[in-house]
Structures are given as structure tokens and as C-alpha cells.
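Counting begins at 1 with the first residue of the sequence.
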Amino acid sequence: MVDAIGTGLGSLGYRFNMIARQARANFEQRLGEAGASFTTWTILEALTVHGPVIQRDLAGSLHVSGQTLARQVDRLVETGWLERGEDEGDRRAVRLHLTDAGRAAHRRLQRASRKANEQLVAGLSSEEIDHLSELLTRLSRNFG
């Protein structure tokens, strides 16, 4: 039996890493076919879930630098998917809003996301998916 907790190619850490890489590559391929990158999807998803948000807060929640996010936001503003506006409470802050075109792009990317997730869990029952989700949540807590 392989030592799942130990080191090496059979360890859980290694196997999680490899599955994560495969899942990410598949997800990025599907997003690319739908016309966007993982970063674009992440930004559109965050704005869809949380509504208009201050740009620096979005950078913090996505764990990227403000400069990195600014380049992405510039590109999304140019495509017409995002708009920048002043924050009513702080004129120095920039609040990001999805445009109608951005919402349409998000819907298209959601379909690609759904297909990637369906492929990821193909062959698992709904009970197994729920159990896996619970286990992943518990594992995530190990890192704070």
C-alpha cells in the first residue's frame, strides 16, 4: 500500500497538486474557448457575486497586487466589460461595475465553468461530490 500521507508520488499532497494542475488546465482551456482567461473569469465572477466593488478591495480578495489587477481591469474596461466609477464614500477609491456586455460575458464563462466542473466530477455520485466538498473544506481549514 502507498503511504498516502508520506512523501513521494503517491502522497496526497502530490496527487492533489497534479489533479489541481489538470483541472486548472482544463478549466483554462474551456474559458479560452469561451473567449476569456482564468483571471478575467475570476474578476467577472467576483463582481457578479459581490456586486460593484472598490478596486483595491477586489485586489485583496483575489490575493493579487493592485498593479496586477489594474492591468487586467484596464483591459476589461477597454473590452467594454467593466466600468470604473467614483466611490460615493471615498472619492479616491475606484469602484468597479459590470456592464451589460460584462454580464453577458460572465454568463458565457459560467457555462464553460459548469462544463469543466462536470468533467471534473464525472462518474461521482451526488453524495460523493458532497462528501468530497466537505473533505476539501476541512483540508482548507488546515491552512487557516
Side-chain angles (χ1 to χ4, degrees), residues 4-5 7-144:
I5 296 176
T7 61
L9 299 180
S11 71
L12 283 177
Y14 177 81
R15 292 172 64 203
F16 271 124
N17 189 322
M18 295 309 294
I19 291 168
R21 286 176 186 226
Q22 292 169 325
R24 173 84 181 248
N26 178 54
F27 191 36
E28 287 180 348
Q29 178 183 347
R30 289 180 181 273
L31 290 172
E33 291 167 358
S37 67
F38 179 78
T39 303
T40 296
W41 175 83
T42 303
I43 292 168
L44 297 181
E45 178 72 6
L47 290 171
T48 298
V49 171
H50 300 293
V53 66
I54 295 174
Q55 186 168 326
R56 72 172 172 265
D57 295 341
L58 180 60
S61 72
L62 298 178
H63 306 286
V64 298
S65 72
Q67 185 178 20
T68 298
L69 182 65
R71 285 191 298 269
Q72 295 295 324
V73 168
D74 287 345
R75 194 174 50 74
L76 293 173
V77 168
E78 288 174 18
T79 64
W81 292 0
L82 293 183
E83 291 178 340
R84 287 185 173 106
E86 264 187 20
D87 183 66
E88 294 174 5
D90 181 356
R91 293 185 322 171
R92 296 170 297 165
V94 175
R95 186 168 289 276
L96 302 174
H97 304 263
L98 280 175
T99 63
D100 289 340
R103 283 186 281 282
H106 178 261
R107 285 190 297 275
R108 190 171 61 251
L109 297 175
Q110 277 296 93
R111 288 189 292 276
S113 173
R114 185 173 295 109
K115 287 179 183 178
N117 282 312
E118 287 170 354
Q119 183 177 0
L120 179 66
V121 299
L124 299 179
S125 70
S126 59
E127 292 81 15
E128 288 171 321
I129 294 168
D130 289 344
H131 189 230
L132 177 59
S133 181
E134 291 171 20
L135 291 172
L136 291 173
T137 297
R138 287 172 50 196
L139 289 173
S140 181
R141 287 187 193 129
N142 291 340
F143 298 105

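- Judged purely by distance below 3.5 Å, without hydrogens or angles, the side chains of Arg75 and Gln72 pair a donor atom with an acceptor atom.
- Using a 4.0 Å cut-off between charged side-chain N and carboxylate O, Asp74 and Arg71 make no salt bridge.
- Remark: side-chain polar atoms of Ser113 are not paired, donor with acceptor, to backbone N or O of Leu109 under 3.5 angstrom.
- We find that Glu134 and Arg138 are not joined by a salt bridge, their nearest charged nitrogen and carboxylate oxygen being 4.0 Å or further apart.
- A side chain to side chain contact (heavy atoms under 4.5 Å, CB included) with Leu47 is found for one member of Leu82, Leu76, Thr42 and no other, namely Leu82.
- In this structure, Ile43 and Leu69 have side chains that are in contact, with non-hydrogen atoms separated by less than 4.5 Å.
- The closest donor-acceptor contact from the side chain of Asn26 to the backbone of Gln22 lies at 3.5 Å or more, if one exists at all.
- Between the Ser140 side chain and the Thr137 main chain, no donor and acceptor come within less than 3.5 Å of each other.
- In this structure, Gln67 places its CD atom where only 12 or fewer heavy-atom neighbours from other residues, nucleotides or ligands lie under 6.0 Å away.
- The shortest heavy-atom contact between Gly80 and Ala101 is O-CB, 3.7 Å.
- Within the 4.5 Å cutoff, the side chain of Leu96 has no heavy atoms near those of the Val77 side chain.
- The shortest distance between side-chain heavy atoms of Leu58 and His50 does not fall below 4.5 Å.
- Here the closest heavy-atom approach between residue Ala23 and residue Leu120 is recorded as CB-CD1, 4.0 Å.
- Not a single donor-acceptor pair under 3.5 Å links the side chain of Arg84 to the backbone N or O of Val94.
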